[in-house]
Visitor: 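Can you read through this structure? Questions will come right after.
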Amino acid sequence: MVSLRTTAALLATAAIAVGATPARAATPAAAAGTLYREHCAACHGARRLGDVGPPLLPGSLTRLSRARAAQTIARGRVGTGMPAFGHTLSADQIRSLTALIYTPPARAPRWGMRRIRASHRLYFAPGSLPARPVYRADPLNLFVVVESGCHRVAIVDGDPPYTILTRFPSHFSLHGGPKFSRHGRYVYFASRDGWVTKYDLHRLKVVADVRAGINTRNIALSSDDRYVLVGNYLPHDLVVLDARTLEPLRIVPAVSESGRSSRISAVYDARPRGAFIAALKDAREVWEIPYRDRDLARHLSIRRIRLSAYPDDFFLDPSYRYLIYSARSSDHVEVVDLDSGRAVARIPMPGMPHLGSAITWDYRGDPVFASPNIKTGLVTVVDMRTWKVVRHIRTLGPGYFIRSHQATPYAWVDIVFGPNRDAVQVIDKRTLKIVRTLRPEPGHTSMHIEFDRYGRHAWVSIWERKGAVVIYDARTFRVVKRIPMCKPVGKYNVYNKITLSPGTSH
Ligand code: DHE
């Protein structure tokens, strides 16, 4: 089965029509091509279609001026893996690389319905596998761990002795939160290179696979388990899949009301609204796409909501009435009432809040959300009734993720950037004070936390190729187990995800 999947991946990759311009020796274009291959291709793809880094084609750069692009090459980009090349490349070389990435490829990359269909593989038809789990562990306390360093996934029992039930190869560079079916039997993954995979957590088998795009942002699963919505950077579109089989149902071009083609920032399921929410990255627009009682293969409607800024990062409050979003360069966050379609508040939040990772809890009787910050060592806590900042909590440095659980008084935040990248700090949700600083493996980057279903243990990733998942007793802060893993990134507890625990993202 693995070889089938690998063959499908290779065929699909080979089929992308990029039409790279043939390089001629000694021309400036050829020199830029050589520089690109040496310095950029490993992350942005040999054909500029994206890889672990985003695509570098003119259609992906409409929000970025050439001057800013050159600056990014020279200085790098905070919060991403983009390093600074200012010390290794001359100003002329940076200029020629900039010119290259704004040059359209000879033929536009395409990934239409024909190719999506050709990539589709259904290994087990719906109903063909028995429902009974093939292990004794509690299926709702499993952890799905993405081991990005080895492009594989581990399924781990969330109860002692924390046995790894299985490991299986994933597509290249899974990213974003996997999405779980209502009762937790199936999990869906998206890879940055466009593959969506459905996995049966009871039988521990890959059920289906499809390549829905060339460069994918993330996926959402409808709360009735009927549809998977795929948000793509490349092509600029959304793809609707049948969640039972991953068969493609339709493609929705991402074009704004004014006719502007756009990448998709992210897609989410808004359970109480019976709708998907999709944000356009290159247009100031967010879409609501109702799916409840609809046959999306035949009829799909889009409600467009205008925004005052580009939605680079966002989250939905627990009622799913409010969209809280930010643009990358902005010093504030905006709150939009999805019912009225109007902005209702602006919240000053310096640095670069990582709203996608925000969590919620009740602080002294008021609902609050807390967001870590990718640029500044801050966790910002905001009252969700008044939309006022309750506190900026100083941390040891910028980080990606904050996580908690309804059964613990603590929220854990990682410090991924800077000299304290080996630290995780613990905030008391009752006092908003930092009460512990943990260093699971001094000198090694620790990141992303997830609790077990009871909130008794916190799992922390050591984000290194020879890394690990370190399991802490969430009450005593003692390490109870270290499981060696290959650059583990996100870990996802089935129960917390399907019950929409306020301590994790959905
Ligand atoms: Fe992520 C989730 C965007 C870089 C690890 N990241 C998400 C989501 C978005 C996003 C929109 C929500 C998806 C969902 O819930 O389905 N990430 C971005 C970026 O724009 C950014 C900064 C640049 C980029 O390269 O795209 C970025 N992200 C990273 C990384 O470099 C990380 C640390 C390592 C990696 O493997 O890519 C990373 N992102 C993650 C993880 C989640 C995620 C682990 C899921 C968190 C969860 O608990 O749900």
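Order of listing sets the numbers, starting from 1, for every ligand and every atom in it.
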Visitor: In terms of atom number and element, which parts of ligand 1 are under 4.0 angstrom from non-hydrogen atoms of Lys179?
Guide: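 Every atom of ligand 1 under 4.0 Å from some heavy atom of Lys179: 14 (C), 15 (O), 16 (O).
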Visitor: What atoms of ligand 1 come closer than 4.0 angstrom to any heavy atom of Ser505?
Guide: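 Atoms satisfying the 4.0 Å criterion: 47 (C), 48 (O), 49 (O).
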Visitor: Mark up the atoms of ligand 1 that fall under 4.0 Å of a heavy atom belonging to Tyr268, in ascending order.
Guide: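 So the answer, numbered in order with elements, is 12 (C), 15 (O).
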Visitor: Taking 4.0 Å as the limit for heavy-atom contacts, which would you say applies to Arg77 with ligand 1: side chain only, backbone only, both, or neither?
Guide: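 For Arg77, there is no contact with ligand 1 at all, from either part.
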Visitor: Can Arg284 be said to sit on top of Tyr310's aromatic six-ring, NZ or CZ under 6.0 Å from centre and within 45° of the ring axis?
Guide: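 Verdict for Tyr310: a cation-pi partner in Arg284.
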Visitor: Quick check: does any side chain N or O of His175 sit under 3.5 Å from a backbone N or O of Ser191, one acting as donor and the other as acceptor?
Guide: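 Such a contact is absent between His175 side chain and Ser191 backbone.
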Visitor: At the 4.0 Å heavy-atom cut-off, does Arg403 count as touching ligand 1?
Guide: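 Checking ligand 1 against Arg403, which is what was asked, there is a heavy-atom contact under 4.0 Å.
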Visitor: What residue and atom, counting heavy atoms only, is the protein's closest point to atom 23 (C) of ligand 1, and at what distance?
Guide: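 That would be Thr80 CG2, 4.2 Å.
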Visitor: What heavy-atom pair brings Asn373 and Met352 nearest, and what distance separates the two atoms?
Guide: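 Shortest heavy-atom separation between Asn373 and Met352 comes out as OD1-N, 2.7 Å.
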Visitor: Any salt bridge linking Arg63 with Asp312? Criterion: basic side-chain nitrogen under 4.0 Å from a carboxylate oxygen.
Guide: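 Between Asp312 and Arg63 there is a salt bridge, with a charged N closer than 4.0 Å to a carboxylate O.
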Visitor: For Arg217 and ligand 1, does the shortest N/O to N/O distance drop below 3.5 Å?
Guide: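 There is such a contact, yes.
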Visitor: Counting each atom of ligand 1 from 1 as listed, which ones have a heavy atom of Gly490 under 4.0 Å away?
Guide: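 Under 4.0 Å from Gly490, ligand 1 has these atoms: 44 (C).
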Visitor: Which ligand 1 atoms does His448 reach within 4.0 Å, using its non-hydrogen atoms?
Guide: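 Near His448, the atoms of ligand 1 are 46 (C), 47 (C), 48 (O).
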Visitor: Tell me the contacting part of Trp463 for ligand 1: side chain, backbone, both, or neither, using a 4.0 Å heavy-atom threshold, strictly below.
Guide: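 Near ligand 1, Trp463 shows its side chain, while the N, CA, C and O stay back.
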Visitor: Can you report which non-hydrogen protein atom sits closest to atom 22 (C) of ligand 1, along with the distance?
Guide: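 Result: Gly79 O, 3.5 Å.
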Visitor: Val252 and side-chain contact (heavy atoms from CB on, under 4.5 Å): which single residue from Ile302, Asp237, Leu296 fits?
Guide: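 For Val252, the side-chain contact (heavy atoms from CB on, under 4.5 Å) check succeeds only for Ile302.
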Visitor: Taking atom 1 (Fe) of ligand 1 as the centre, count the protein N/O/S atoms lying under 2.8 Å from it.
Guide: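 Under the 2.8 Å cut-off, the count stands at 1.
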Visitor: Under a 4.0 Å threshold between the charged nitrogen and the carboxylate oxygen, would Arg453 count as salt-bridged to Asp138?
Guide: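 Answer for the salt bridge query: yes.
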Visitor: Using heavy-atom distances only, which candidate in Arg192, Met82, Met447 approaches atom 37 (O) of ligand 1 most closely?
Guide: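 Result: the heavy atom closest to atom 37 (O) of ligand 1 is in Arg192.
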Visitor: Run the salt bridge (charged side-chain N to carboxylate O under 4.0 Å, His left out) test against Arg167 and tell me which residues pass, sequence neighbours left out.
Guide: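 Salt bridge (charged side-chain N to carboxylate O under 4.0 Å, His left out) check on Arg167 returns Glu147.
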Visitor: Please state which protein non-hydrogen atom is closest to atom 36 (O) of ligand 1 and give its distance, to 0.1 Å?
Guide: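 Answer for atom 36 (O) of ligand 1: Val489 CG1, 3.8 Å.
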Visitor: Do Arg303 and Glu288 meet the salt-bridge criterion of a basic N to acidic O distance under 4.0 Å?
Guide: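 Looking at Glu288 and Arg303, the cut-off is met.
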Visitor: Verify the neighbour count for atom CZ of Arg482: are there more than 12 heavy atoms of other residues, nucleotides or ligands below 6.0 Å?
Guide: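 Counting other residues, nucleotides and ligands, CZ of Arg482 exceeds 12 neighbours.
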Visitor: If we set the cut-off at 4.0 Å for heavy atoms, which region of Ser148 has an atom near ligand 1: side chain, backbone, both, or neither?
Guide: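 Contact part for Ser148 vs ligand 1: neither.
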Visitor: Suppose we measure from atom 46 (C) of ligand 1 to each protein heavy atom; which comes out shortest, and what is that distance?
Guide: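 Minimum-distance protein heavy atom for atom 46 (C) of ligand 1 reads Phe401 CE2, 3.6 Å.
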Visitor: Does any N or O atom in Tyr492 lie less than 3.5 angstrom from one in ligand 1, N or O only?
Guide: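 There is no such contact.
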Visitor: Looking only at protein heavy atoms, which one is nearest to atom 13 (C) of ligand 1, and what is the separation?
Guide: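 Minimum-distance protein heavy atom for atom 13 (C) of ligand 1 reads Asn218 ND2, 3.4 Å.
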Visitor: Determine whether the side chains of Ser505 and Arg403 contain a donor N or O and an acceptor N or O closer than 3.5 Å.
Guide: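 A pair is found: one side chain offers a donor N or O, the other an acceptor, under 3.5 Å apart.
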Visitor: Rounded to the nearest 0.5 Å, how far does CG of Asp313 lie from CG of Leu355?
Guide: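 Here the rounded value is 5.0 Å.
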Visitor: Take every heavy atom of Arg328, measure it against each atom of ligand 1, and state whether any distance is under 4.0 Å.
Guide: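 Checking ligand 1 against Arg328, which is what was asked, there is no heavy-atom contact under 4.0 Å.
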Visitor: Which residues pass the side chain to side chain contact (heavy atoms under 4.5 Å, CB included) test with Pro318, sequence neighbours left out?
Guide: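 Thr360, Met384.
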Visitor: Give a yes or no answer on whether the side chain of Tyr325 reaches the backbone of Ala309 with a donor-acceptor pair at less than 3.5 Å.
Guide: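 Judged by distance alone, yes, a pair lies under 3.5 Å.
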Visitor: Counting only nitrogen or oxygen atoms and a 3.5 angstrom limit, does Tyr233 reach ligand 1?
Guide: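 For ligand 1, there is no N or O atom that lies under 3.5 Å from one belonging to Tyr233.
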Visitor: Got a list of side-chain donor-acceptor pairs under 3.5 Å for residues 68-75, not counting sequence neighbours?
Guide:
| unit_1 | atom_1 | unit_2 | atom_2 | d |
| --- | --- | --- | --- | --- |
| Thr72 | OG1 | Arg68 | O | 2.7 |

Visitor: Could you tell me whether Asp200 and Arg185 make a salt bridge, using a distance below 4.0 angstrom between a side-chain N and a carboxylate O?
Guide: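 The answer is yes: the pair qualifies as a salt bridge.
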